[in-house]
Amino acid sequence: MKIENAKIINLPKILDERGNLSFLQENSQIPFKIERSYWIYDVPGGEVRGGHSYTTNQEIIIALSGGFDVVLDDGTQKSTVSLNRSYVGLYVPAGLWRHMENFSTNSVAFVVASTAFDEADYVRDYKFYQNSNR
Ligand code: TYD
């Protein structure tokens with residue numbers, strides 16, 4: 001899997017003077033069926049989340065509040081994507097290493113995932129990842 005397979009997805013934004021609304025829906029904004037969602041919040045300053053890849057799970061990461069950086073790594077190249085808009089999703093395919101860092105105060109990372117949680121789907125050993133992604 002290569003970094004180029006990750007992509008930014010601009011989600012619909014319904015502008016309204018009462019406040020804006022965005023959404024995502026299977027088979028239109030996102031390229032997989034949603035099996036799970038989770039969110040990461042109350043991240044202390046300087047902490048790093050992620051730091052793994054998945055064998056089959058695909059994800060879309062959205063900064064619902066505040067902002068953070070997603071560092072993508074395919075074992076050869078790295079690329080940092082800063083997320084700080086609640087209408088922008090980052091599609092991360094299976095097989096790409098990633099971690100999240102530089103969380104702003106009160107930021108919330110919302111993630112929709114293509115598979116149910118399964119620890120066996122994680123690759124947490126970077127050297128192993130790098131060797132198997134050549
Ligand atoms: P993990 O994915 O390792 O966190 P991060 O990649 O952000 O550092 O998950 C942390 C813990 O939460 C780990 O024990 C697994 C558990 N977990 C679930 O039980 N269900 C889930 O959907 C997720 C994402 C994690």
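Residues: numbered from 1 along the sequence shown. Both ligands and their constituent atoms are indexed starting at 1 by order of listing.
Ordered by chain and residue number, the residues placing a heavy atom less than 4.0 Å from ligand 1 are Arg36, Tyr38, Ile40, Arg49, Gly50, His52, Phe117, Tyr122, Arg124.
Two residues are said to be in side-chain contact when any heavy atoms from C-beta on lie closer than 4.5 Å; Glu59 and Arg98 meet this criterion.
Around the CG atom of Asn106, the shell of radius 6.0 Å holds no more than 12 heavy atoms that belong to other residues, nucleotides or ligands.
Remark: Ser28 engages Gln25 in a side chain to side chain contact (heavy atoms under 4.5 Å, CB included) (not counting sequence neighbours). Remark: Glu17 pairs with no residue by the salt bridge (charged side-chain N to carboxylate O under 4.0 Å, His left out) rule, at least two apart or across chains. With sequence neighbours excluded, no residue forms a salt bridge (charged side-chain N to carboxylate O under 4.0 Å, His left out) with Lys13.
Salt bridge annotation for Asp125-Lys127: absent, with no cationic side-chain nitrogen under 4.0 angstrom from a carboxylate oxygen.
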